[in-house]
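Shown next, in structure tokens, is the structure this report addresses.
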Amino acid sequence: MTGRLSEELKQAGDLAPVFTVAPDTYQRARRARRRDLGLAVVSSVAAVALIAGIVTSAAAREDAGPLPADGQGPVGVPSVVYGIPSDADLGPASSDLAVGRSAVSQLTDDEEPVVIDDRGGYHLLDLPGFSRPLHMLSLSPDGRQLAWGWSESASSAKGTPFGVRIADLDSGEVREVAIETGTSPYVYDFTWSPDGRWLVWEGIGAGRIAPGQVVSEPVPRPGDDNILYAVDDSGVVSIATLKALRVWDGELLSNEVRETGWYPSISTVADGVLVETIQRDRDDTFTTRHRRLVDGEVVEAIATLDDRSFVSDLGWVDARQALVLTVDTPASGVGHLDVLDLSDPEDTTSYRVGEVRGQGVTVAADLVAADRPGIERPAQAWVVDEDSSSSAAMLAIGGAGGLVVVAGLGWWMRRRRA
Amino acid sequence: MRDEDDFAAFVAARSPALSRTAYLLTGDVHHAEDLLQTALFKAAKAWHRIEGDPEPYVRRILYTQNISWWRRRRLRETALGGYDEAQSLPDTELRLAMIDALGRLTARQRTVLVLRYVEDLTEVEAAAQLGITAGSVKSISRQARARLRTLAPELAEFVGAEAEGGSA
């Protein structure tokens, strides 16, 4: 049967006319081949550019340091403390403060409190009574306690009940310290003793909080705008101003009048040593004065901090190494974490730990060591910096090139069909 | 220049046979002419790479291009009522009915019928040409013949009754 089908089909095919093939078919085909070759070359170049853009983009993000911190990284202080924009997605603020040992505390652009745990995880916190700009927060040197100011309302009126709360970041338990001063409810600075057991707060007044206590003992508050407090592991408080250096422990132990024109940048106590880093005439040269409290011996040394002009102390890495924040100008948005090595009083050296772009930053100094400076963390998705912007631009250019090629290809195909 | 001469010689020699195949593949004079022009244009582009007899290469383009066009024009082609009577050249009533019925098949079905019953390829060879399995060739062939019988009962005599179990 199918033999007949074959026969009939072949005979039906005989009905077909012989079509005339255009005489220029070969020439047109050759031209088309040349165009195809050209398009292939252009497409390849565009593809390479696109891939290069993507690769460079990825590399740039890696160079920018730090990509998404997921709380699973190595223990340490991040090498870059980013500013946290208002639209950063950190999830809802948590009132559970058992976030574990932390490396950094800071404020978002909306002045919401955040801690970065010691493995890089971000935690937006709901701190009871915390209100900006009345209050500040501060991480203890070991990263296991967080202190902040609180008040019953956001009012700055005198008589508003206020105080200090200290959270144990391991258990989440909060110790509340009420302050009886009758002043406005400001608590805008903290200084921890190197072992993290003593705490001095400063506002309109100032006070010392002993280990485990829920009361604050008033500390002298000289009427000077440039005042810095320090407390050592035995609770002895040093108070440095432009005019004097006082030492207090329930009563005034000493009161030394200082030379005018010297600006205290660091005044802190560690292992019985009081260190003052003083800037003279703002010429980028720092005279570092080491004073042993036990015998009053004074040694002076010069430290040049990479031409940075302003320094503030963040704590002690060990008995002879101070962790400081250096900034170009007080208004500068970017600072650096530097460690001043004061081991040799004749030659103070420094090394760089990381970069600070956020505001209200305090650091757990115990997590810093010479062999463990800043830890590279993956950057959060909300981090915007020049590197990522430029890599995005490269990506955009590569993508635009690809689109042009695709559009060109489509045009040629339509033309060929026509 | 030699390639161009070779191409011209091939076209002159094989156009009648290729026209016939294109006509059976499409069931339509206009589509057949377009199909042949396209196949020869593609072959010319690759002419320098063709070794040996170029006809199998050109035929393969005819088969695959026809199916490719059908895929793109599936809806329109499904609605086709029949061949272009003004362009067809009636010989016998039976052959006209055959052409008419072929025009109502899908390109896939027509192509399989042409490969199997005009080009006399085996199921395996036809499958290789179309890049499908031999089983698919068999199945499509059965469907095509069943549809031919439905469309043109007068063809049942030589279309064969062995495909009765196939889908119509």
Side-chain angles (χ1 to χ4, degrees), chain A residues 1-51 399 401-418, chain B residues 3-8 11-12 15-27 29 32-37 40-48 83 87-92 94-99 101-102 113-114 116-118 120 141 145 148 155-163:
Chain A
M1 289 291 184
T2 52
R4 283 219 48 201
L5 174 60
S6 174
E7 189 182 324
E8 288 300 323
L9 277 171
K10 286 172 181 171
Q11 288 177 0
D14 291 340
L15 298 177
V18 177
F19 302 119
T20 303
V21 178
D24 64 344
T25 300
Y26 190 85
Q27 293 297 333
R28 284 190 295 113
R30 280 190 60 181
R31 287 197 295 274
R33 193 170 71 232
R34 282 197 293 271
R35 280 197 304 270
D36 290 349
L37 275 172
L39 273 175
V41 169
V42 171
S43 302
S44 301
V45 170
V48 168
L50 184 61
I51 291 168
L403 285 175
V404 167
V405 169
V406 169
L409 198 60
W411 181 75
W412 276 114
M413 288 178 73
R414 282 196 299 276
R415 187 174 162 180
R416 282 171 60 190
R417 278 200 205 114
Chain B
D3 279 352
E4 190 171 356
D5 292 342
D6 288 348
F7 179 77
V11 170
S15 278
L18 294 173
S19 296
R20 189 164 156 262
T21 302
Y23 182 56
L24 290 173
L25 283 172
T26 60
V29 173
E33 187 169 13
D34 286 348
L35 180 60
L36 181 62
Q37 293 284 0
L40 288 173
F41 179 81
K42 287 189 168 183
K45 279 176 73 176
W47 198 256
H48 61 292
Y83 72 104
Q87 293 297 322
S88 62
L89 301 172
D91 186 6
T92 68
L94 201 59
R95 285 172 199 160
L96 278 175
M98 173 67 81
I99 291 296
L102 274 179
L113 286 184
V114 169
R116 290 283 286 118
Y117 303 112
V118 179
D120 296 323
S141 174
R145 280 181 282 130
L148 278 180
L155 301 177
E157 181 188 348
F158 51 81
V159 167
E162 70 274 24

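The analysis underlying the following values was restricted to heavy atoms, covering all of them including side chains, and did not include hydrogens, waters or symmetry mates. Just so we're on the same page: letters track the sequence lines, and every chain starts at 1.
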Would you give the length of the straight line joining atom OG1 of A/Thr25 to atom NZ of B/Lys42, rounded to the nearest 0.5 angstrom? 14.5 Å
Part of B/Val118 lying under 4.5 Å from any heavy atom of chain A: both
Considering only heavy atoms, which portion of B/Leu24 lies under 4.5 Å from any heavy atom of chain A: side chain, backbone, both, or neither? side chain
How close do B/Asp120 and A/Lys10 get, heavy atom to heavy atom, and via which atoms? OD2-NZ, 2.7 Å
In terms of heavy-atom pairs under 4.5 Å with chain A, which of B/Ala12, B/Pro16, B/Ala17 leads? B/Pro16
To the nearest 0.5 Å, atom CZ of A/Arg30 lies from atom CD of B/Glu4 at 7.0 Å
Find the one option among B/Ala44, B/Ala43, B/Ala46, B/Ala22 whose heavy-atom pairs under 4.5 Å with chain A are most numerous. B/Ala44
Pair count under 4.5 Å, heavy atoms only, with chain A: among B/Arg116, B/His48, B/Glu33, highest is B/Glu33
Please report the C-alpha distance between B/Lys45 and A/Asp36 in whole Å, then the side-chain angles of each, then the deciding distance to 0.1 Å, and finally whether the side chain to side chain contact (heavy atoms under 4.5 Å, CB included) criterion is met. CA-CA 10 Å; B/Lys45 279 176 73 176; A/Asp36 290 349; 2.5 Å; yes
About how many Å separate CG of A/Leu5 and OH of B/Tyr117, when rounded to the nearest 0.5 Å? 6.0 Å
With a 4.5 angstrom heavy-atom cut-off, is it the side chain or the backbone of B/Leu102 that approaches chain A, or both, or neither? side chain
Between B/Ser19 and A/Phe19, the two heavy atoms sitting closest are OG-N, 3.0 Å
Heavy atoms of A/Val21 and B/Leu40 approach each other most closely as CG2-CD1, 3.3 Å
